[in-house]
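Keep in mind that the numbers below use all heavy atoms, side chains included, and drop hydrogens, waters and symmetry copies. All figures in this text were calculated on a predicted structure; none of them were measured in a lab.
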Amino acid sequence: MAKLKDDIIEIIKNRCVHLYQLKELTRYQHSNDAIDYIVENEIELVDGKYLIKDAKRIEREGDYNPRHMPNKDKMRSDNFMVSEKWLVKNMFLGNIQQSAFGKLVEYEIPLNAKQDDGTGDIDFVSIKNGKLWLVEIKNYTSGEGILKAILEVQSYYQIVNREKMLADFNLPLDTEIKKVVAVFDDTTASRQIKNKKKMQELLKMLEVKVLILERPEKIGFDRIKVKSEIN
(Lines give C-alpha, C1' and ligand atoms only; values in the text may rest on other atoms or scores of the structure.)
Protein backbone atom coordinates (compact mmCIF):
# COMPACT_ATOMS: atom_id res chain seq x y z
CA MET A 1 0.00 0.00 0.00
CA ALA A 2 1.32 3.45 -0.91
CA LYS A 3 2.21 5.63 2.02
CA LEU A 4 0.25 8.81 2.71
CA LYS A 5 1.77 12.27 2.61
CA ASP A 6 2.14 12.62 6.38
CA ASP A 7 3.69 9.15 6.64
CA ILE A 8 6.49 9.80 4.16
CA ILE A 9 7.26 13.21 5.66
CA GLU A 10 7.60 11.64 9.10
CA ILE A 11 9.88 8.96 7.67
CA ILE A 12 12.12 11.58 6.04
CA LYS A 13 12.19 13.78 9.15
CA ASN A 14 12.96 10.97 11.58
CA ARG A 15 15.38 8.91 9.47
CA CYS A 16 18.65 7.70 10.97
CA VAL A 17 20.36 7.29 7.56
CA HIS A 18 21.31 9.71 4.78
CA LEU A 19 18.49 10.85 2.53
CA TYR A 20 19.74 8.84 -0.45
CA GLN A 21 19.81 5.67 1.68
CA LEU A 22 16.14 5.89 2.59
CA LYS A 23 14.64 2.69 1.18
CA GLU A 24 11.06 3.93 1.49
CA LEU A 25 11.70 6.34 -1.40
CA THR A 26 12.24 3.46 -3.84
CA ARG A 27 8.58 2.43 -3.98
CA TYR A 28 6.73 5.45 -2.66
CA GLN A 29 4.08 6.25 -5.27
CA HIS A 30 2.96 9.72 -4.17
CA SER A 31 6.39 11.15 -4.92
CA ASN A 32 5.20 14.73 -5.42
CA ASP A 33 4.67 15.05 -1.65
CA ALA A 34 8.16 13.72 -0.98
CA ILE A 35 9.70 16.04 -3.57
CA ASP A 36 7.95 19.09 -2.11
CA TYR A 37 9.24 18.28 1.37
CA ILE A 38 12.77 17.47 0.16
CA VAL A 39 13.06 20.66 -1.90
CA GLU A 40 11.84 22.81 1.00
CA ASN A 41 13.77 21.13 3.82
CA GLU A 42 16.59 18.91 2.55
CA ILE A 43 18.17 20.97 -0.25
CA GLU A 44 20.17 24.19 0.09
CA LEU A 45 21.65 26.66 -2.36
CA VAL A 46 25.44 26.90 -2.00
CA ASP A 47 27.54 29.04 -4.35
CA GLY A 48 24.84 28.92 -7.00
CA LYS A 49 24.37 25.12 -6.83
CA TYR A 50 21.56 23.17 -5.19
CA LEU A 51 22.95 20.54 -2.81
CA ILE A 52 21.52 17.91 -0.49
CA LYS A 53 22.26 19.07 3.05
CA ASP A 54 23.42 15.79 4.58
CA ALA A 55 25.63 14.58 1.70
CA LYS A 56 29.11 15.66 2.77
CA ARG A 57 32.42 14.83 1.12
CA ILE A 58 34.09 11.63 2.28
CA GLU A 59 37.89 11.57 2.26
CA ARG A 60 38.63 8.20 0.72
CA GLU A 61 42.21 6.99 1.15
CA GLY A 62 41.98 4.09 -1.31
CA ASP A 63 41.94 4.31 -5.10
CA TYR A 64 38.60 5.18 -6.72
CA ASN A 65 39.56 3.03 -9.70
CA PRO A 66 38.79 -0.63 -8.85
CA ARG A 67 40.55 -1.81 -12.04
CA HIS A 68 38.12 -4.60 -12.80
CA MET A 69 39.18 -7.23 -15.29
CA PRO A 70 35.84 -8.72 -16.39
CA ASN A 71 36.01 -12.11 -18.10
CA LYS A 72 33.94 -12.34 -21.28
CA ASP A 73 33.19 -15.99 -20.54
CA LYS A 74 31.11 -14.91 -17.54
CA MET A 75 28.47 -12.84 -19.35
CA ARG A 76 24.98 -13.74 -18.20
CA SER A 77 22.46 -14.53 -20.93
CA ASP A 78 19.40 -15.26 -18.76
CA ASN A 79 18.18 -11.71 -19.24
CA PHE A 80 15.15 -11.75 -16.95
CA MET A 81 17.25 -13.00 -14.02
CA VAL A 82 20.03 -10.44 -14.35
CA SER A 83 20.57 -8.31 -11.23
CA GLU A 84 21.54 -4.66 -11.45
CA LYS A 85 25.20 -5.50 -10.79
CA TRP A 86 25.15 -8.14 -13.52
CA LEU A 87 23.44 -5.71 -15.87
CA VAL A 88 26.33 -3.26 -15.52
CA LYS A 89 28.90 -6.05 -15.80
CA ASN A 90 27.20 -7.39 -18.93
CA MET A 91 27.38 -3.93 -20.46
CA PHE A 92 31.14 -3.93 -19.91
CA LEU A 93 31.52 -7.52 -21.09
CA GLY A 94 29.71 -6.49 -24.27
CA ASN A 95 32.29 -3.72 -24.76
CA ILE A 96 29.65 -1.05 -25.19
CA GLN A 97 31.31 1.96 -26.79
CA GLN A 98 28.55 4.08 -28.25
CA SER A 99 27.02 7.53 -28.11
CA ALA A 100 24.73 6.80 -25.14
CA PHE A 101 27.49 6.87 -22.54
CA GLY A 102 30.64 7.57 -24.52
CA LYS A 103 33.51 5.33 -23.40
CA LEU A 104 32.68 3.10 -20.41
CA VAL A 105 35.63 3.29 -18.03
CA GLU A 106 34.86 1.32 -14.86
CA TYR A 107 31.99 -0.02 -12.78
CA GLU A 108 31.12 -0.38 -9.08
CA ILE A 109 33.21 2.63 -8.08
CA PRO A 110 33.74 2.67 -4.28
CA LEU A 111 33.05 5.88 -2.36
CA ASN A 112 33.55 4.76 1.22
CA ALA A 113 36.40 5.84 3.47
CA LYS A 114 36.63 2.31 4.83
CA GLN A 115 35.25 -1.05 3.78
CA ASP A 116 31.56 -1.88 4.33
CA ASP A 117 30.46 1.42 5.83
CA GLY A 118 27.24 1.42 3.81
CA THR A 119 28.08 4.45 1.69
CA GLY A 120 27.36 2.70 -1.61
CA ASP A 121 29.05 2.51 -5.02
CA ILE A 122 28.67 4.45 -8.25
CA ASP A 123 27.27 1.96 -10.78
CA PHE A 124 29.68 3.02 -13.49
CA VAL A 125 31.67 5.93 -14.89
CA SER A 126 32.19 6.85 -18.52
CA ILE A 127 33.83 9.60 -20.54
CA LYS A 128 31.88 11.52 -23.15
CA ASN A 129 32.83 14.76 -24.89
CA GLY A 130 35.70 15.23 -22.45
CA LYS A 131 33.43 14.96 -19.37
CA LEU A 132 33.37 12.26 -16.72
CA TRP A 133 29.89 10.84 -16.18
CA LEU A 134 28.79 9.40 -12.84
CA VAL A 135 25.97 7.03 -13.76
CA GLU A 136 23.30 5.46 -11.55
CA ILE A 137 21.34 2.87 -13.50
CA LYS A 138 18.01 1.23 -12.72
CA ASN A 139 17.50 -2.32 -13.93
CA TYR A 140 14.98 -3.03 -16.69
CA THR A 141 13.39 -5.63 -14.37
CA SER A 142 13.00 -3.11 -11.53
CA GLY A 143 9.65 -1.80 -10.32
CA GLU A 144 11.27 0.96 -8.29
CA GLY A 145 10.59 4.64 -8.76
CA ILE A 146 13.25 7.11 -9.84
CA LEU A 147 13.37 9.54 -6.88
CA LYS A 148 15.92 7.52 -4.90
CA ALA A 149 18.18 7.19 -7.96
CA ILE A 150 18.18 10.97 -8.43
CA LEU A 151 19.09 11.51 -4.78
CA GLU A 152 21.78 8.82 -5.01
CA VAL A 153 23.65 10.28 -7.97
CA GLN A 154 23.44 13.78 -6.50
CA SER A 155 24.72 12.55 -3.14
CA TYR A 156 27.53 10.55 -4.75
CA TYR A 157 28.58 13.69 -6.63
CA GLN A 158 28.80 15.55 -3.32
CA ILE A 159 30.43 12.69 -1.40
CA VAL A 160 33.24 12.00 -3.85
CA ASN A 161 36.61 13.76 -3.62
CA ARG A 162 36.46 14.95 -7.20
CA GLU A 163 40.11 15.93 -7.51
CA LYS A 164 41.26 12.52 -6.26
CA MET A 165 38.81 10.66 -8.49
CA LEU A 166 40.01 12.50 -11.58
CA ALA A 167 43.63 11.80 -10.64
CA ASP A 168 42.88 8.10 -10.02
CA PHE A 169 41.41 7.86 -13.54
CA ASN A 170 44.31 9.85 -15.04
CA LEU A 171 42.06 12.71 -16.11
CA PRO A 172 42.85 16.46 -16.05
CA LEU A 173 41.82 18.04 -12.77
CA ASP A 174 39.61 20.55 -14.59
CA THR A 175 37.51 17.78 -16.16
CA GLU A 176 33.81 18.47 -15.69
CA ILE A 177 31.83 15.78 -13.86
CA LYS A 178 28.21 15.15 -14.86
CA LYS A 179 25.44 13.39 -12.95
CA VAL A 180 23.43 10.87 -14.95
CA VAL A 181 20.56 8.48 -14.17
CA ALA A 182 19.87 5.75 -16.73
CA VAL A 183 16.54 3.90 -16.78
CA PHE A 184 14.88 1.59 -19.27
CA ASP A 185 11.77 2.25 -21.28
CA ASP A 186 8.47 0.89 -20.01
CA THR A 187 9.49 0.79 -16.34
CA THR A 188 8.06 2.60 -13.31
CA ALA A 189 11.09 4.91 -13.28
CA SER A 190 10.79 5.94 -16.93
CA ARG A 191 7.03 6.50 -16.64
CA GLN A 192 7.54 8.75 -13.62
CA ILE A 193 10.06 10.86 -15.51
CA LYS A 194 7.71 11.27 -18.45
CA ASN A 195 4.58 11.96 -16.41
CA LYS A 196 5.63 13.85 -13.28
CA LYS A 197 6.35 17.56 -13.74
CA LYS A 198 7.80 17.95 -10.23
CA MET A 199 10.29 15.15 -10.91
CA GLN A 200 11.50 16.97 -14.02
CA GLU A 201 11.78 20.20 -12.02
CA LEU A 202 13.91 18.39 -9.43
CA LEU A 203 16.19 17.09 -12.20
CA LYS A 204 16.63 20.62 -13.52
CA MET A 205 17.33 21.98 -10.05
CA LEU A 206 20.02 19.38 -9.32
CA GLU A 207 21.34 19.37 -12.93
CA VAL A 208 20.87 15.62 -13.34
CA LYS A 209 20.57 14.16 -16.84
CA VAL A 210 18.28 11.17 -17.45
CA LEU A 211 18.76 8.67 -20.27
CA ILE A 212 15.82 6.43 -21.16
CA LEU A 213 17.24 3.29 -22.75
CA GLU A 214 15.86 0.61 -25.00
CA ARG A 215 15.38 -2.66 -23.16
CA PRO A 216 18.34 -5.04 -23.62
CA GLU A 217 16.28 -8.22 -23.91
CA LYS A 218 15.13 -6.83 -27.25
CA ILE A 219 18.47 -5.77 -28.72
CA GLY A 220 21.27 -7.33 -26.62
CA PHE A 221 23.63 -5.88 -24.01
CA ASP A 222 26.17 -4.78 -26.60
CA ARG A 223 23.67 -2.61 -28.52
CA ILE A 224 21.83 -0.68 -25.84
CA LYS A 225 20.46 2.53 -27.35
CA VAL A 226 19.06 5.75 -25.93
CA LYS A 227 15.41 6.33 -26.80
CA SER A 228 15.23 9.79 -25.24
CA GLU A 229 17.09 12.22 -22.95
CA ILE A 230 15.87 14.65 -20.31
CA ASN A 231 17.97 17.66 -19.28
Side-chain angles (χ1 to χ4, degrees), residues 1-46 49-58 83-85 87-88 108-112 116-124 134-160 178-213 230-231:
M1 180 181 295
K3 290 187 176 295
L4 300 175
K5 176 179 178 179
D6 291 344
D7 293 335
I8 194 64
I9 290 175
E10 283 303 307
I11 289 170
I12 295 172
K13 286 171 61 175
N14 298 316
R15 71 188 187 281
C16 58
V17 296
H18 293 290
L19 184 61
Y20 76 96
Q21 295 172 317
L22 200 56
K23 294 180 180 179
E24 284 82 358
L25 295 180
T26 61
R27 299 187 182 280
Y28 179 58
Q29 295 179 19
H30 300 297
S31 51
N32 282 345
D33 298 332
I35 291 172
D36 284 342
Y37 182 82
I38 288 168
V39 168
E40 292 174 10
N41 299 278
E42 303 288 344
I43 292 176
E44 60 186 349
L45 186 62
V46 179
K49 296 283 186 181
Y50 287 100
L51 303 175
I52 297 172
K53 290 180 181 179
D54 68 356
K56 306 300 182 183
R57 186 157 113 167
I58 295 175
S83 68
E84 195 166 282
K85 289 185 181 296
L87 169 67
V88 174
E108 294 180 20
I109 315 302
L111 293 173
N112 50 347
D116 298 329
D117 67 355
T119 301
D121 298 335
I122 299 168
D123 285 337
F124 65 92
L134 309 183
V135 184
E136 177 68 21
I137 192 166
K138 284 292 147 196
N139 205 347
Y140 58 100
T141 60
S142 173
E144 294 181 357
I146 197 170
L147 179 57
K148 187 169 183 289
I150 295 170
L151 299 175
E152 281 178 314
V153 76
Q154 175 65 36
S155 297
Y156 294 165
Y157 174 82
Q158 294 177 218
I159 285 171
V160 71
K178 290 189 69 66
K179 299 162 283 188
V180 181
V181 172
V183 299
F184 288 89
D185 194 33
D186 196 27
T187 60
T188 299
S190 65
R191 287 190 289 270
Q192 286 183 343
I193 282 295
K194 294 174 183 177
N195 299 328
K196 287 186 178 290
K197 183 178 179 181
K198 285 185 182 292
M199 201 78 77
Q200 295 188 23
E201 291 172 349
L202 180 65
L203 288 171
K204 187 174 182 180
M205 174 183 287
L206 296 177
E207 298 179 302
V208 173
K209 174 188 281 291
V210 171
L211 301 180
I212 299 178
L213 310 175
I230 297 175
N231 292 344

Checklist entry - Going through the checks in order, is the side chain to side chain contact (heavy atoms under 4.5 Å, CB included) test met by Val135 and Asp123? => result CA-CA 6 Å; Val135 184; Asp123 285 337; 5.7 Å; no
Item to check | More than 12 heavy atoms from other groups under 6.0 Å of OH on Tyr50 | outcome: no
Would you list the atom pairs, donor with acceptor, under 3.5 Å between side chains in residues 204-211 and any protein atom, with sequence neighbours excluded?
unit_1, atom_1, unit_2, atom_2, d
Glu207, OE1, Lys49, NZ, 2.8
Lys209, NZ, Glu229, OE1, 3.0

Next on the checklist: Any carboxylate oxygen within less than 4.0 angstrom of a Lys/Arg side-chain nitrogen, looking at Arg15 and Glu42?
Outcome noted: yes
Less than 4.5 Å apart, side chain to side chain, heavy atoms only: is that true for [X] and [Y]?
| X | Y | answer |
| --- | --- | --- |
| Ile58 | Thr119 | yes |
| Leu147 | Tyr20 | no |
| Met199 | Ile146 | yes |
| Tyr37 | Ile12 | yes |

Rounded to the nearest 0.5 Å, what separates atom [atom1] in [X] from atom [atom2] in [Y]?
| X | Y | atom1 | atom2 | result |
| --- | --- | --- | --- | --- |
| Leu25 | Ile11 | CG | CD1 | 8.5 Å |
| Glu10 | Asp6 | CD | CG | 7.5 Å |
| Lys178 | Leu134 | NZ | CG | 10.5 Å |
| Lys197 | Ile35 | NZ | CD1 | 12.5 Å |
| Ile38 | Ile8 | CD1 | CD1 | 8.0 Å |
| Asn112 | Asp121 | CG | CG | 7.0 Å |

Between [X] and [Y], what is the shortest heavy-atom contact and its length?
| X | Y | answer |
| --- | --- | --- |
| Lys138 | Ala149 | CE-CB, 3.7 Å |
| Lys53 | Asn41 | NZ-O, 3.1 Å |
| Val160 | Arg57 | O-CD, 3.7 Å |
| Ile52 | Leu19 | CG2-CD2, 4.1 Å |
| Leu111 | Tyr156 | CD1-CD2, 3.3 Å |
| Leu51 | Val46 | CD1-CB, 3.8 Å |

Checklist entry - What residues, two or more places apart in sequence or in another chain, satisfy side-chain hydrogen bond (donor to acceptor under 3.5 Å, both in side chains) together with Glu152? => result Lys148
Item to check | Worked verdict on Leu202 versus Ile150 for side chain to side chain contact (heavy atoms under 4.5 Å, CB included) | outcome: CA-CA 9 Å; Leu202 180 65; Ile150 295 170; 4.2 Å; yes
Spell out, as yes or no, whether a donor-acceptor pair under 3.5 Å connects the side chain of [X] to the backbone of [Y].
| X | Y | answer |
| --- | --- | --- |
| His18 | Asp54 | yes |
| Ser190 | Asp186 | yes |
| Gln192 | Ala189 | no |

Item to check | Pair Gln158-Lys56, side-chain donor/acceptor within less than 3.5 Å | outcome: no
Next on the checklist: One pair to check against side chain to side chain contact (heavy atoms under 4.5 Å, CB included): Ile212 and Phe184. What are the steps and the verdict?
Outcome noted: CA-CA 5 Å; Ile212 299 178; Phe184 288 89; over 6 Å; no
